[in-house]
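Read the structure below first, then the notes.
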Protein chains: 2
Amino acid sequence: MQLSQSEENYIKAIYALSEETGKEISTNDLAEKMATKASSVTDMLKKLTDKDLLKYKKYQGCTLTKNGREIALAIVRKHRLWEVFLVEKLQFGWDEVHAIAEQLEHIQSNQLTNKLEAFLGFPKVDPHGDPIPNINGEFDPSPKRVLLSKCEKGNKGIVMGVEDGEPSFLQYLNKIGFKLGLNIKVEDRLSFDGSLIIEMDGKTLQFSHLVASKIAIQLID
Amino acid sequence: MQLSQSEENYIKAIYALSEETGKEISTNDLAEKMATKASSVTDMLKKLTDKDLLKYKKYQGCTLTKNGREIALAIVRKHRLWEVFLVEKLQFGWDEVHAIAEQLEHIQSNQLTNKLEAFLGFPKVDPHGDPIPNINGEFDPSPKRVLLSKCEKGNKGIVMGVEDGEPSFLQYLNKIGFKLGLNIKVEDRLSFDGSLIIEMDGKTLQFSHLVASKIAIQLID
DNA sequence: TTTAAAATTTAGATATGTCTAAAAAATAAT
DNA sequence: ATTATTTTTTAGACATATCTAAATTTTAAA
Ligand SMILES: [Mn+2]
Ligand SMILES: [Mn+2]
Ligand SMILES: [Mn+2]
Ligand SMILES: [Mn+2]
């Protein structure tokens, strides 16, 4: 089935919200995510329901069907593979690739996706640490990840992922030398604002709760 | 100025027809090229005229403005660079890349185009021998090319280009071992149907006039 | 040079995707 | 249990890109 770019973006957004919440997605939440109006969302939900990509009951929100989830995973796969290409092969910074990948993820050619994956050496994660679904939409089993914002004083770990999509946030991380794979330790946690004092690469840094909530780590010992 | 995919395709088609004929492009010719109706073309010509991408007088056809030509060249540049990428890096056949490049040529990011060009080593021609405009829309001076269909008995040359866009034609060339760079010689020319007897790589082949008109060679001695 | 044919444009319709404003339903507050 | 608020849907409009059928202009023929 041939989907428009707009339809694909809705599917992807619903998938992303479902991953976060696990529940049904409300019209308003989706409208906010898509930076559009609730009425536009309602129209689109009807259309996607007719195409059997989601289940939708008036006033009750929506969830993806198996079909819809498969399409979402295919788009996510393309997005992340292209991000790897842009960083690994074209020397883009991790803060520059999301917007371009938003376009490239809509290119239609399974052969292209699969050959690109092979060319890149079957990467398992994208430049922001997000896992890349394989040709069947499956993720590799990956180590358990925790948001830095949920960590306690004394916790140690390895940086596994950061939220992509906001260049200024990623540029800030560049500036302080923050990279995937680094060892970090929570030196202290200020309970009144949730900010953290971090030790990383010999440096001491302070992260606001907001910043810490966009960083995922794997806890060690 | 942000153009729709459809607008870009019109600009590109007008450019291609202009290269062929050198004259103004008629509504009907453009309709045929775009596989659409003349009325749709008229609507689009008005829109593109308003955007100063072409000059158009009712019933008199159209030509690109400087502005329009620059945009056309930027799209052609992207198309051909992506074709090189697909063949050189992803191991696609030259018969498989045109349709995918038709999509990729619309990706908007000058930085991407320029980094891709560098990654590919600043290629001067695409897999079908078509020249690739540089960042300023300029072509390298290239040796004079002649259509094989215009050659006489006894002419010798090197294969420089083939018409892309028709997979079955390119697959036929694959089958007979025809490649860019080969030396060929016109053994004979049948005047009544314009077909040619060719010697290439030790083999003797017969090309119809139609096939010969889709092959360009550089004449030698 | 008047008529016939071909090419082109206009008029009116359809489909997609979006919007604002108003109506309806669900949820929260009294 | 009513009333008020929030959420969601519907109604009606607009922009893009396309189509068919009819009108107009240009070109070719008689
Ligand atoms: Mn991204
Ligand atoms: Mn990413
Ligand atoms: Mn091509
Ligand atoms: Mn080509």
Side-chain angles (χ1 to χ4, degrees), chain A residues 1-15 17-18 20-21 23-64 68 71-72 75 102-103 105-106 108, chain B residues 1-15 17-18 20-21 23-64 68 71-72 75 102-103 105-106 108:
Chain A
M1 188 186 355
Q2 181 74 315
L3 298 180
S4 75
Q5 214 151 301
S6 190
E7 289 171 322
E8 289 197 341
N9 284 333
Y10 272 93
I11 294 288
K12 189 170 54 124
I14 294 164
Y15 173 79
L17 291 173
S18 298
E20 280 175 35
T21 68
K23 296 178 199 154
E24 274 151 9
I25 306 309
S26 77
T27 301
N28 263 4
D29 287 356
L30 191 47
E32 186 182 305
K33 180 96 174 178
M34 296 292 295
T36 186
K37 296 297 149 78
S39 54
S40 304
V41 170
T42 301
D43 288 347
M44 185 58 91
L45 292 183
K46 288 176 185 167
K47 187 158 41 139
L48 294 175
T49 300
D50 290 343
K51 297 191 176 185
D52 190 38
L53 299 176
L54 48 84
K55 273 189 291 233
Y56 161 64
K57 285 253 180 59
K58 280 207 267 189
Y59 296 100
Q60 305 308 133
C62 68
T63 54
L64 291 179
I71 287 169
I75 299 167
E102 287 289 306
Q103 298 179 64
E105 72 190 4
H106 299 293
Q108 313 258 210
Chain B
M1 188 188 351
Q2 181 74 314
L3 298 180
S4 74
Q5 215 152 299
S6 190
E7 290 171 321
E8 289 196 342
N9 284 333
Y10 272 94
I11 295 289
K12 189 172 56 124
I14 294 165
Y15 173 79
L17 290 172
S18 298
E20 280 175 35
T21 68
K23 296 177 198 156
E24 273 151 10
I25 306 308
S26 76
T27 301
N28 263 4
D29 286 357
L30 191 47
E32 185 182 303
K33 180 99 174 176
M34 296 293 295
T36 186
K37 295 297 149 77
S39 55
S40 305
V41 170
T42 300
D43 287 348
M44 186 58 91
L45 292 183
K46 287 174 184 167
K47 189 161 37 141
L48 295 176
T49 300
D50 289 345
K51 297 191 177 186
D52 190 39
L53 299 176
L54 49 84
K55 274 189 291 232
Y56 160 64
K57 285 253 180 59
K58 281 207 271 188
Y59 296 99
Q60 304 308 131
C62 69
T63 54
L64 291 178
I71 288 169
I75 300 167
E102 287 289 305
Q103 299 179 64
E105 73 190 3
H106 299 293
Q108 313 258 214

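In what follows, chains carry the letters A, B, and so on, assigned in the order in which the sequence lines appear, proteins first and then strands, with residues in each chain numbered from 1. Predicted, not measured: the structure shown is a model, and the values here were computed from it.
Taking the side chain of B/S6 as heavy atoms from C-beta on, and the options D/dT10, D/dT18, D/dT26, the nearest nucleotide is D/dT18. Residue B/S39 places its side chain closer to C/dT9 than to any other of C/dA21, D/dT18, C/dT9. Between C/dT8, C/dT18, C/dT10, one nucleotide has an atom nearer to the side chain of B/K58 than all others, and that is C/dT10. The side chain of B/T42 has C/dT10 as its nearest neighbour among C/dT10, C/dT18, C/dA24. Nearest nucleotide to the side chain of A/T36, out of C/dT10, C/dT18, D/dT9: C/dT18.
Rounding to whole angstrom units, CG of residue A/D43 and P of D/dA13 are separated by 15 Å. Straight-line distance from the CG atom of B/L30 to the C1' atom of C/dA7: 14 Å, rounded to whole Å.
Within a 6.0 Å sphere centred on CD of A/E32, heavy atoms belonging to other residues, nucleotides or ligands number 12 at most.
A salt bridge links A/K12 with A/E105: the closest approach of a Lys/Arg side-chain nitrogen to an acidic carboxylate oxygen falls below 4.0 angstrom.
Counting heavy atoms from C-beta on, the side chains of A/Y10 and A/T36 come closer than 4.5 Å. Side chains of B/T21 and B/D29 form no contact here, defined as non-hydrogen atoms less than 4.5 Å apart.
Put simply, A/Y10 has a side-chain N or O that comes within less than 4.0 Å of OP1 or OP2 on C/dT18. Between A/T27 and the phosphate of D/dT9, there is a side-chain N or O to OP1/OP2 separation shorter than 4.0 Å. Put simply, A/K37 has no side-chain N or O that comes within less than 4.0 Å of OP1 or OP2 on D/dT8. Side-chain N/O atoms of A/N28 include one lying less than 4.0 angstrom from OP1 or OP2 on D/dT8. The side chain of A/Y59 contributes no N or O atom lying less than 4.0 Å from OP1 or OP2 of D/dT6.
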